[in-house]
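To start, the structure under review is shown below, and the notes come after it.
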Amino acid sequence: METSVTGRVAVIRLHRPKALNALNSTLMHEVVTAAESFDADPEIGCIVLLGSERAFAAGADIKEMQSKTYADVHGGDLFTEWDRFAAVRTPTLAAVAGYALGGGCEVAMMCDVLLAADTAQFGQPEITLGTIPGIGGSQRLTRAVGKAKAMEMCLTGRRMGAEEAERAGLVSRIVPAADLETEAMTTAQTIASQSLPVAMLAKEAVNRAFESTLAEGVRFERRVFHATFATEDRAEGMSAFVEKRTPNFRHR
Ligand code: CAA
């Protein structure tokens with residue numbers, strides 16, 4: 001794994017080329033720890049997750065899991081660490097080129113914005129290994145693309161290309177592979193230029209849609225909307241509009 005920071009954007013790059021970025025326990029721990037430490041840094045307004053041209057990540061590490069027993073995975077609560085990645089409050093963006101399979105697809109789906117290169121391939125092939133998704137794939141894929149496609153993908157292991165993924169609502173946009181990282185950074189910089197506390201609230205409000213009834217979600221949104229009026233940045237944003245200037249958000 002490699003990390004870097006440009007302005008208010010932090011980048012975490014999966015880098016295990018020999019295994020197509022398969023997520024072994026070391027890589028998982030590094031990614032989760034890096035994401036949490038960027039999340040704790042108020043100077044970071046967006047966290048970008050990148051892979052390589054060939055693979056975002058080809059899944060959890062099968063070779064590492066091969067000899068584990070039920071007692072091992074249940075006792076150690078295998079993959080629970082990823083819940084900490086999903087709990088990051090700073091906006092996250094995954095830029096996927098090539099394979100995003102199994103755990104790779106699941107980690108991409110945990111991110112708030114998902115951009116796909118035209119080479120992207122998404123899939124939950126665990127069934128072909130005699131297992132099922134274990135980092136939320138059966139839940140997040142179903143919420144993203146609906147039962148019909150999620151069920152077929154989880155039962156057959158069929159992969160979804162970028163165009164189908166965009167049509168189905170899994171990704172927000174397709175970008176030519178050569179432009180993916182530039183586009184990811186531009187989008188991340190746009191996100192990071194907003195008020196961080198307000199972006200966190202926006203993220204929380206959208207995520208609430210997956211966890212509540214419409215009435216509860218709308219009530220939550222209304223209260224959070226009201227709460228933005230307690231921030232300096234809301235006052236600055238509206239004043240800047242009225243005064244026809246760019247807002248100078250101070251992230252409070
Ligand atoms: N775990 C461990 N090693 C992996 C891996 C994985 N998930 N995916 C690829 N690799 C390794 C291969 O074993 C190979 O290593 P060697 O050179 O040492 O043999 C290397 O990466 C390159 O892979 P291939 O030679 O297979 O490359 P390919 O271009 O022929 O095929 C591929 C690419 C279709 C992605 C194929 O590698 C593949 O099917 N990978 C496994 C995909 C998969 O099943 N993912 C789900 C994992 S289970 C999971 O993620 C559980 C969960 O939900 C948490």
Side-chain angles (χ1 to χ4, degrees), residues 1-2 12-35 49-88 92 94-111 114 116-145 147 149-165 168 170-171 177 180 210:
M1 189 202 69
E2 293 161 358
I12 299 175
R13 185 187 290 279
L14 304 171
H15 186 67
R16 237 193 121 206
K18 281 190 197 148
L20 299 180
N21 293 338
L23 301 157
N24 63 7
S25 49
T26 306
L27 186 52
M28 167 172 69
H29 185 70
E30 286 175 357
V31 170
V32 172
T33 307
L49 199 53
L50 301 176
S52 69
E53 223 173 278
R54 194 161 163 227
F56 177 75
D61 191 311
I62 301 166
K63 292 168 188 165
E64 193 180 66
M65 288 186 291
Q66 184 188 6
S67 57
K68 287 195 190 294
T69 64
Y70 171 77
D72 293 335
V73 299
H74 182 257
D77 208 358
L78 184 63
F79 298 142
T80 194
E81 199 170 3
W82 283 115
D83 296 344
R84 288 166 36 207
F85 183 87
V88 161
T92 53
V96 171
Y99 298 113
L101 302 178
C105 185
E106 293 170 295
V107 171
M109 289 191 295
M110 275 185 224
C111 293
L114 214 174
D118 45 15
T119 57
Q121 293 264 320
F122 299 90
Q124 298 292 159
E126 290 88 346
I127 194 82
T128 67
L129 302 166
T131 185
I132 71 167
I135 315 175
S138 64
Q139 305 305 299
R140 291 195 178 89
L141 186 64
T142 308
R143 281 166 167 78
V145 306
K147 175 180 166 181
K149 281 183 188 291
M151 195 64 99
E152 190 198 350
M153 289 171 72
C154 289
L155 289 178
T156 68
R158 179 176 79 79
R159 293 183 212 143
M160 201 189 256
E163 282 190 16
E164 186 181 359
L170 180 61
V171 306
L180 181 69
F210 296 103

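The model shown is predicted, which means the values in this text are computed figures rather than measured ones. Ligands are counted one by one from 1 in listed order, and the atoms in each one are counted from 1 as well.
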For ligand 1, the portion of [X] having any non-hydrogen atom under 4.0 Å away:
X      : value
Met28  : neither
Ala22  : side chain
Thr128 : neither

**Request:** Give a yes/no verdict on whether any heavy atom in Arg159 is under 4.0 Å from an atom of ligand 1.
**Result:** yes
**Asked** So is Lys18 close enough to ligand 1, meaning a heavy atom under 4.0 angstrom away?
**Response** yes
Right, does [atom] have protein non-hydrogen atoms nearer than 4.0 Å?
atom                    : answer
atom 24 (P) of ligand 1 : no
atom 38 (C) of ligand 1 : no
atom 27 (O) of ligand 1 : yes

**Prompt:** Looking at Cys111 and Thr92, what are the two nearest heavy atoms and their distance?
**Reply:** CA-OG1, 3.2 Å
**Prompt:** If every non-hydrogen atom of Ala116 is compared with every non-hydrogen atom of Ala120, which pair is closest and at what distance?
**Reply:** CB-CB, 3.9 Å
Is there a polar contact between ligand 1 and [X], counting only N or O atoms under 3.5 Å apart?
X      : answer
Pro125 : no
Met65  : no
Lys63  : yes
Glu106 : yes
Pro133 : no
Leu129 : no

**Complete:** atom 30 (O) of ligand 1: closest protein heavy atom, distance to 0.1 Å, is Arg54 NH2, 4.8 Å
**Item:** Protein contact to atom 1 (N) of ligand 1 [nearest heavy atom, distance to 0.1 Å]
**Value:** Ile62 N, 2.9 Å
**Message:** Could you work out, with side chain to side chain donor-acceptor pair (under 3.5 Å) as the rule, every residue matching Glu53, not counting sequence neighbours?
**Reply:** none
**Asked** Between Arg158 and Glu164, is there a salt bridge with N-O shorter than 4.0 Å?
**Response** yes
**Item:** Under 3.5 Å side-chain donor-acceptor pair for Glu64 and Ser25
**Value:** yes
